[in-house]
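Report on the following structure.
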Amino acid sequence: MHIYDSVQKAKREFVSQEEGKVSLYVCGPTVYDDAHLGHAKSALVFDLLARVLSANGYEVTYARNITDIDDKIIKKAAEANKSIKEITDFYTDAYHFEMAKLGVARPNIEPKATESLEAMFELIQKLLDSSHAYKTDSGDIYFDTSSDSDYLKLSHRVQDENEKLQRVESSSEKKNSADFALWKSVHDESVSFDSPFGKGRPGWHIECSAMIEKHLAKKEARFAVDIHGGGADLLFPHHENEAAQTRCATNHTLANYWIHNGFVNIDGEKMSKSLGNSFFLRDALKVYDGEVLRFYLLGTHYRANFNFNEEDLLNSKKRLDKIYRLKKRLFGLTHENQKTAFGDELLKTLSDDLNISASLALIDEMISVANEKLDSDAKAKEFKKETLSNLAYIEKVLGFGVKNPYEYFQQGVDEETKAKINSLILQRSEAKKAKDFATSDAIRDEILTYGINIMDTAQGTLWEKI
RNA sequence: GGUGCCAUCGCCAAGUGGUAAGGCCGCAGCCUGCAAAGCUGCUAUCCCCAGUUCAAAUCUGGGUGGCACCUCCA
């Protein structure tokens with residue numbers, strides 16, 4: 001398979017370090033607030049990547065961290081008059097709940113910063129020992145960026161000399177303006193952890209490096225992980241700094257491949273809290289089905305910036321509906337999952353840097369051919385089995401069409417309304433039998449007022465929520 | 001200011017040198033008591049200018065217009 005490496009800025013053939021095995025690390029959320037659509041996009045992209053790697057025969061070890069030590073968390077806890085743990089547990093649970101709704105599988109490992117402090121101490125100590133880090137008079141520990149000749153090579157950044165001088169003069173005890181904190185000492189009663197360096201809190205970047213060393217890295221390997229991913233904004237400074245720490249503290253490079261997903265904007269504007277509640281996933285999920293959101297958010301290539309708007313989402317849903325309608329036509333038939341030509345083609349397009357558009361085009365073509373065949377040859381036993389295998393493959397690799405098709409089309413309709421609709425459909429059938437079309441059409445119009453579309457099929461009259 | 005990305009049909013969106021995928025919407029037809037669903041057919045020369053080439057949406061240069069990052073951020 002091929003993936004675009006955002007550091008080398010080129011599509012590269014993917015070759016794992018260890019035959020048949022892949023390690024994937026993705027920067028997860030800082031749990032101090034509700035997840036927004038951007039978190040969803042990132043989680044979905046890497047969920048898809050993990051599925052495609054698996055489908056290619058790799059045994060995937062996927063780690064996505066939970067950042068549960070952060071100044072923003074402390075601030076939130078203070079504001080809400082709650083403990084740190086109450087805050088982080090609450091938002092971690094919410095994150096898991098919402099991701100499950102989107103069909104995002106749980107990673108194999110979900111390391112937390114609070115559980116990885118020892119690994120951080122170890123890395124910081126190594127950096128101090130090798131003079132890549134220094135301790136200031138006040139007890140803070142900084143990474144010395146001037147000690148790393150490869151610093152800024154990951155993000156292809158050029159340090160501005162003027163800016164450099166200005167910053168050093170204006171700030172603190174840092175040797176270089178670009179130096180970043182590994183350990184921030186705490187001298188008062190605010191939240192802190194005991195460490196060999198005194199009371200304090202870790203810097204953000206060291207958390208990820210430490211978690212990778214602890215959970216994924218093999219000491220003798222050239223790269224700590226095969227693939228490192230995250231949002232496009234993380235390349236600098238977060239990933240640059242992570243890479244520098246790992247490079248200087250260990251004998252390996254942080255990652256062989258870097259993947260960064262594009263940003264989500266709302267109606268053409270960058271997401272911000274002032275724009276309103278469609279920003280949060282929990283609010284989006286009140287209005288839209290999780291799988292519809294999954295299909296919509298994954299429908300555009302992962303590296304492109306994504307512009308979220310309701311009209312596009314509803315158009316996108318129509319495409320997902322087609323998968324479910326075909327599923328409905330074949331509902332209840334048993335089959336064994338078989339390898340199909342369609343499946344091979346689908347995996348091929350997805351393996352080309354997750355070319356989702358080409359994949360969706362293949363799916364549409366498959367659906368169209370299947371409907372045509374089923375229209376002309378209602379029996380076609382073997383063909384049906386093959387089609388079911390195709391659908392099952394789409395479910396497995398893309399996570400589309402995972403629900404019961406009848407329930408999919410009836411979501412958001414309460415039991416009372418369902419009963420009413422079924423009763424009206426019965427009445428309409430009677431009228432139709434009696435060739436009383438005026439009545440049957442009137443009933444259809446009435447059903448429509450509930451936002452329900454009905455269709456007469458070989459399997460009887462079926463209905464869908466519009 | 002620095003660095004980088006992008007610009008394809010009304011909308012969404014593939015396609016990195018060989019003569020424009022797919023979806024939505026629209027129009028016509030088949031099917032249907034009529035619909036809906038499904039199926040079939042029809043609809044773009046790729047922001048502008050110049051260049052390289054037998055050949056460019058795809059490469060180069062120059063414009064124009066969006067966007068991102070520059071130490072909080074998926």
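Every chain is numbered from 1, with letters handed out A, B, ... down the list of sequences. Worth saying up front: this structure is predicted, and the values here are computed from it rather than measured.
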We want to know whether A:S23 and A:T61 form a side-chain donor-acceptor pair, criterion being a heavy-atom distance below 3.5 angstrom. no

For A:H205, all residues meeting ring-ring contact (aromatic ring centres under 6.0 Å, His included), sequence neighbours excluded: A:F180, A:H238

Rounding to the closest angstrom, what is the interatomic distance between B:A28 and B:G17 at atom C1'? 38 Å

Closest to side chain of A:D312, choosing from B:C69, B:G22, B:C11: B:C11

What residues form a side chain to side chain donor-acceptor pair (under 3.5 Å) with A:N108, not counting sequence neighbours? none

With P as the reference atom in both, quote the distance from B:A36 to B:C24 in angstrom, rounded to an integer. 15 Å

Any side-chain donor paired with an acceptor under 3.5 Å for A:Y151 and A:N241? yes

Listed by chain and number, what are the salt bridge (Lys or Arg N to Asp or Glu O under 4.0 Å) partners of A:K153, not counting sequence neighbours? A:D150

In the structure I gave you, are the side-chain heavy atoms of A:L347 and A:V52 within less than 4.5 Å of one another anywhere? yes

Side-chain donor-acceptor pair under 3.5 Å between A:D68 and A:Y91, yes or no? no

Residue whose nearest RNA chain B nucleotide is more 5′ - A:G262 or A:S316: A:S316

B:A74 base stacked by A:F263? Criteria: ring centres under 5.5 Å, plane angle under 30°. yes

Please tabulate, one pair per line, each protein N/O and nucleotide N/O from nucleotides 42-47 of chain B that are separated by under 3.5 Å, including the distance.
none

Where the side chain of A:T30 is concerned, which of B:A74, B:C24, B:C70 is the nearest nucleotide? B:A74

In chain order, what residues pass the side chain to side chain donor-acceptor pair (under 3.5 Å) check against A:Y302, with sequence neighbours excluded? A:D353

Can you tell me how far C1' of B:A74 sits from CG of A:N265, to the nearest Å? 12 Å

Using Watson-Crick or G-U wobble geometry with both distances below 3.5 Å, tell me the partner of B:G61, or none. B:C49

A:N176 side chain to A:S146 side chain, donor-acceptor N/O pair below 3.5 angstrom: yes

Nearest-Å distance, CE (A:M366) to C1' (B:G23)? 15 Å

Heavy-atom nearest nucleotide on RNA chain B for A:I356 versus A:L362: which residue maps closer to 5'? A:I356

Which residues pass the salt bridge (Lys or Arg N to Asp or Glu O under 4.0 Å) test with A:E395, sequence neighbours left out? A:K327

For nucleotides 5-7 of chain B, tabulate all protein N/O to nucleotide N/O atom pairs closer than 3.5 Å, reporting atom names and distance.
none

Can you name the residues that form a salt bridge (Lys or Arg N to Asp or Glu O under 4.0 Å) with A:D344, not counting sequence neighbours? A:K339

Distance alone, cut at 3.5 Å: any donor-acceptor contact between the side chains of A:T439 and A:D436? yes

With rounding to the closest Å, how many angstrom separate the C1' atoms on B:U43 and B:C6? 27 Å

Please confirm whether the shortest side-chain N or O distance from A:N355 to OP1 or OP2 of B:G15 is below 4.0 Å. yes

Interatomic distance at C1', B:A44 relative to B:A7, whole Å: 16 Å

Between B:G4 and B:A56, how far apart are the P atoms? Round to whole Å, please. 29 Å

Watson-Crick or G-U wobble partner of B:C24, both distances under 3.5 Å: B:G10

Counting only Watson-Crick pairs (N1-N3 plus N6-O4 or O6-N4) and G-U wobbles (N1-O2, O6-N3), all under 3.5 Å, who is the partner of B:C39? B:G29

Scan every strand shown for a Watson-Crick or G-U wobble partner of B:C67, both distances under 3.5 Å, and answer none if you come up empty. B:G4

Polar side chain donor-acceptor pair, A:N65 to A:Y25, under 3.5 angstrom: yes

Tell me, please, which residues at least two apart from A:D456 pass salt bridge (Lys or Arg N to Asp or Glu O under 4.0 Å). A:R428, A:K432

Just the rounded figure in Å: distance from C1' of B:C12 to CD of A:E311. 9 Å

Numerically ordered, the residues 288-305 of chain A set in heavy-atom contact under 4.0 Å with RNA chain B is A:T300, A:H301, A:N305

Nearest-angstrom distance, P atom, B:G22 to B:U3: 41 Å

Going by ring-ring contact (aromatic ring centres under 6.0 Å, His included), name the residues that satisfy it together with A:F331, two or more places apart in sequence or in a different chain. A:Y406

B:A55 and B:U64, which share atom name C1', separated by this distance in whole Å: 28 Å

Generate the contact string for nucleotides 32-40 of chain B. Rules: B means base contact, S means sugar-phosphate contact only, - means no protein heavy atom under 4.0 Å. -BBBBSSSS

Please report, rounded to the nearest Å, how far the C1' atom of B:U71 is from the CG atom of A:L182. 14 Å

